[in-house]
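Below is one structure, written out as structure tokens, with a few remarks after it.
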Amino acid sequence: GSGDEALRLLFLAGEVTVDYRALIDERFGEDLWLNAYANDIPCYIVSRRQLEAGGYEPGNSMYYYGYLTPFRPEVEQRVLETVGRALALPQ
């Protein structure tokens, strides 16, 4: 190659749901290797779409992790903002 290709790895704690793959691809590019379950398993990390749909993962599963309420809709934006800050770190 030309030498300008770089492998970018992103490690996220928890069980981030599949929506984050598409959200991260869209915002940060498809050349980013995403790994979840890294270093900690705090709970399911759901997207805004999943919160609005309801069901087990965004609602009831939180009890098993010691949380009494589901995430707020802002969770998706906070995750994506944090990913953006992490990717901006100097190499």
Side-chain angles (χ1 to χ4, degrees):
S2 64
D4 60 350
E5 299 92 13
L7 176 62
R8 297 187 312 152
L9 302 172
L10 176 63
F11 296 88
L12 298 175
E15 185 173 350
V16 295
T17 54
V18 69
D19 281 358
Y20 282 99
R21 174 75 267 174
L23 292 165
I24 288 170
D25 282 354
E26 181 180 308
R27 188 173 288 192
F28 303 106
E30 295 178 6
D31 63 333
L32 182 61
W33 187 283
L34 177 60
N35 294 286
Y37 289 104
N39 302 319
D40 193 10
I41 306 295
C43 59
Y44 287 111
I45 312 295
V46 296
S47 67
R48 181 181 198 97
R49 181 191 68 79
Q50 291 164 319
L51 278 171
E52 291 170 356
Y56 172 74
E57 284 184 2
N60 298 342
S61 71
M62 299 302 281
Y63 296 116
Y64 297 103
Y65 295 102
Y67 301 105
L68 301 179
T69 61
F71 281 115
R72 294 192 315 231
E74 297 84 25
V75 66
E76 177 181 299
Q77 186 61 33
R78 292 186 72 183
V79 169
L80 294 174
E81 287 172 356
T82 302
V83 168
R85 284 194 305 273
L87 292 175
L89 292 173
Q91 303 299 319

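Owing to the predicted nature of the structure, the values given are computational and were not obtained by experimental measurement.
Shown here are the side-chain hydrogen bond (donor to acceptor under 3.5 Å, both in side chains) partners of R78, two or more places apart in sequence or in another chain: there are none. For R21, the salt bridge (charged side-chain N to carboxylate O under 4.0 Å, His left out) partners at least two apart in sequence or on another chain are D25. N60 pairs by the side-chain hydrogen bond (donor to acceptor under 3.5 Å, both in side chains) definition with nothing, not counting sequence neighbours.
In this structure, the side chains of Y20 and S47 come closer than 4.5 Å at one or more pairs of heavy atoms. Under the 4.5 Å side-chain criterion, counting only non-hydrogen atoms from C-beta, R8 is in contact with D31. When side chains are defined from C-beta on, I45 does not count as touching L12, because their heavy atoms never get closer than 4.5 Å. Counting heavy atoms from C-beta outward, L80 and L23 have side chains that approach closer than 4.5 Å.
The two residues V46 and T17 make their nearest non-hydrogen contact at CA-OG1, 3.7 Å. Across every non-hydrogen atom of G14 and A36, the tightest pair is O-CB, 3.7 Å.
Around atom OH of Y56, more than 12 heavy atoms belonging to other residues, nucleotides or ligands sit under 6.0 Å away. Shown here is Y63, whose OH atom has no more than 12 heavy atoms of other residues, nucleotides or ligands within 6.0 Å. By the 6.0 Å contact criterion, CZ on R72 is open, its count of non-hydrogen atoms from other residues, nucleotides or ligands being 12 or less.
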